[in-house]
Novice: 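This structure is in C-alpha cells; I'll ask about it shortly.
Treat the numbers as computed from the prediction; the structure is a model and nothing was measured.
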Protein chains: 4
Amino acid sequence: MSEARARKSSEGPAAVSAGQLRSLIERIERLEEEKRALAGDIKEVFAEAKANGFDAKIMRQVIKIRRMESAEREETEAVLDLYLEALGMK
Amino acid sequence: MSEARARKSSEGPAAVSAGQLRSLIERIERLEEEKRALAGDIKEVFAEAKANGFDAKIMRQVIKIRRMESAEREETEAVLDLYLEALGMK
Amino acid sequence: MSEARARKSSEGPAAVSAGQLRSLIERIERLEEEKRALAGDIKEVFAEAKANGFDAKIMRQVIKIRRMESAEREETEAVLDLYLEALGMK
Amino acid sequence: MSEARARKSSEGPAAVSAGQLRSLIERIERLEEEKRALAGDIKEVFAEAKANGFDAKIMRQVIKIRRMESAEREETEAVLDLYLEALGMK
DNA sequence: GCTACGGCAGTGGCAC
DNA sequence: GTGCCACTGCCGTAGC
C-alpha cells in the first residue's frame, strides 16, 4: 500500500502527486456538491407533495417497495441466468 | 402528467391526487437515481485515487476538514454581515 | 456522557466499574464467539451443498430473493397501517 | 413451488435434489436468523454498557485488541509447536 | 488481498 | 427549545 510515501524529500514527483491529489479531491468535492443539490431537490419535491396533502412517510414507504420490487425483478433474472449457465445452456 | 381530465366537483380530488402522486413519486425516483449515479462516480474517483497510491480514508478526512472550514468561513462572513448591518454600514 | 470519569482517584466504585466493564466485555466476546460459530456452520452447509452438486452462488441468490420477498411483505403491511392511520381508521 | 409433480425414474434425481436444496436453504436461513438474533443481543449489551456510563467505541477497541492478542498468542504457540516438532521434541 | 454490502452510530432537520 | 426521524458516513463482515 501507498507508493506515495516512498520518497525521502525534495525529489520530484511530489508536486505531481500534490497536483493529482488536489485534482482528485476537487473532483470529489464537485460530485458531492451535485449530490447534495439533488438531495435538496428531493426534499423540495417532498415539500411540494406535502403542500398538496400527501403524506411523505407513506410516499417513502411506497418508493421503498417499488425499489425492492425492481431489485427483486433483477435478482430473479440474475438467478435465471445463473441456472442457465449452470446447465451449460448459455 | 395529464391529471386534467373532467370530474364533477362533489367527487373529491382522488383521481387528481393519484396522477399527482404518481408524478411526484416518479420525480423523486428519478432524482434518487441520479443521486445514486453520482455516488457511483465518487466511488470511481476514490478507486482511481487508490490506484495512484493515495489513501481513501485520509482523503475523506481532508475533504471533511475542507468542508468544515468553508462552512466556518461562511459562518464568519454571515456574522460580519450582521454586525455591519447592525451598525448601519451596509 | 460518561459518568464513569467523574472521580478524582482512589475512591471506591472504580472496582465496581472495572468489574462491570469486564463482565460486559466478556458477555460480548461470548456472543461474538457464538456468532462466529454460526458463520462457520453456514459455511459448512454451503460446503455440504456444494458436495451434493449445488451451486452456492445460485443458492445465495435464492436466499436473497426469499429474504427480499418477506421484507417486501412486511413493508406492504406497514404501508397499509400507515394508510389506515392517515385515514383515521386506526 | 410445486416440485411434487409425478416423474418417471429415468428422469434423473431432480425431485430428490429439489427436496435437498430446499432443506439446505432452510437450514441456512435458520442459521442466519440465529446469527441476526445474536447481533441483536450484542447490540443490547452495548446499550446496557452505555447506560452504565461506558463508552461503546472504546469497548469495541478493547475487544478488538483482546481478540488480536489472543490470535497472536495462538500464532506464537503454533510456531513454537512447529519448532518443537522440527527438533523432534514433540 | 481487495472489493462490495449491510449494519451501526452520529449529525442535522422538522415537528410539536 | 426539545424530542424524534431520516440521511449520511463509517466500520466491520462476507464474498470473489
Novice: Does any N or O in the side chain of B:Asn52 come within less than 3.5 Å of the main-chain N or O of B:Phe54, such that one atom is a donor and the other an acceptor?
Specialist: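 Answer holds: no.
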
Novice: Which nucleotide in the set E:dA4, E:dA15, E:dA9 lies at the smallest distance from any side-chain heavy atom of A:Lys50?
Specialist: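 Of E:dA4, E:dA15, E:dA9, E:dA15 is nearest to the side chain of A:Lys50.
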
Novice: Could you check how far CD of A:Glu74 sits from P of E:dC5, rounded to whole Å?
Specialist: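 Whole-Å distance recorded here is 13 Å.
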
Novice: Tell me the interatomic distance from B:Met68, atom CE, to F:dG9, atom C1', rounded to whole angstroms.
Specialist: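 Between C1' of F:dG9 and CE of B:Met68: 14 Å.
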
Novice: Could you tell me how far apart B:Ile28 (CD1) and F:dC7 (P) are, to the nearest whole angstrom?
Specialist: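 Nearest whole value for this atom pair: 11 Å.
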
Novice: Are C:Ile25 and D:Ile42 grouped together when hydrophobic residues (ILVMFWY) are joined by side-chain heavy atoms under 4.5 angstrom apart?
Specialist: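 Yes, because C:Ile25 and D:Ile42 connect within a single hydrophobic cluster, where side-chain heavy atoms sit under 4.5 Å apart.
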
Novice: Pick the closest DNA chain F nucleotide for A:Lys57 and for C:Ala39 by heavy atoms, then say which residue is nearer the 5' end.
Specialist: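 Between the two, 5'-proximity favours A:Lys57.
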
Novice: Consider the side chain of D:Lys43, meaning its heavy atoms from C-beta on, and name the nucleotide among E:dA9, F:dG12, F:dC11 that approaches it most closely.
Specialist: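 Of the options given, the side chain of D:Lys43 lies nearest E:dA9.
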
Novice: Counting only N and O atoms by type, is there a donor-acceptor contact under 3.5 Å from the side chain of D:Ser23 to the main-chain atoms of D:Gly19?
Specialist: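 A pair under 3.5 Å: no.
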
Novice: On DNA chain F, compare the nucleotides closest to C:Ile42 and D:Lys64; which residue's is nearer the 5' end?
Specialist: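 With C:Ile42 and D:Lys64 compared, the 5'-side residue is D:Lys64.
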
Novice: Does a side-chain N or O from A:Arg60 land closer than 4.0 Å to OP1 or OP2 of F:dC7, or not?
Specialist: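 For F:dC7, OP1 or OP2 has a side-chain N or O of A:Arg60 closer than 4.0 Å.
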
Novice: Please state how far atom CD in C:Gln61 lies from atom C1' in F:dG15, giving the value in whole angstrom units.
Specialist: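 Rounded to the whole Å, the gap is 13 Å.
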
Novice: Do the side chains of C:Ile28 and D:Ile58 join up, straight or via other hydrophobic residues, at under 4.5 Å, putting them in one cluster?
Specialist: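 Yes; tracing contacts between hydrophobic side chains, which count when under 4.5 Å, links both residues.
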
Novice: Nearest-Å distance, CZ (A:Arg36) to P (E:dG13)?
Specialist: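 That distance rounds to 12 Å.
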
Novice: With a non-hydrogen cut-off below 4.0 angstrom, is C:Lys35 in contact with a base, only sugar-phosphate, or nothing?
Specialist: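 Counting heavy atoms under 4.0 Å across all strands, no contact is made by C:Lys35.
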
Novice: Rounded to whole Å, please give me the gap between CD in B:Glu32 and P in F:dT8.
Specialist: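 Atom-to-atom, B:Glu32 to F:dT8, this comes out as 9 Å.
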
Novice: Could you state the atom-to-atom distance from CD of A:Glu44 to P of F:dC7 in whole Å?
Specialist: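 Interatomic distance, CD of A:Glu44 to P of F:dC7: 16 Å.
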
Novice: Under a 4.0 Å threshold between the charged nitrogen and the carboxylate oxygen, would B:Glu29 count as salt-bridged to A:Arg67?
Specialist: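 Salt bridge between A:Arg67 and B:Glu29, a charged N being under 4.0 Å from a carboxylate O: no.
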
Novice: In whole angstrom, give the distance that lies between atom CG of A:Asp55 and atom P of E:dC14.
Specialist: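 Distance, rounded to whole Å: 16 Å.
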
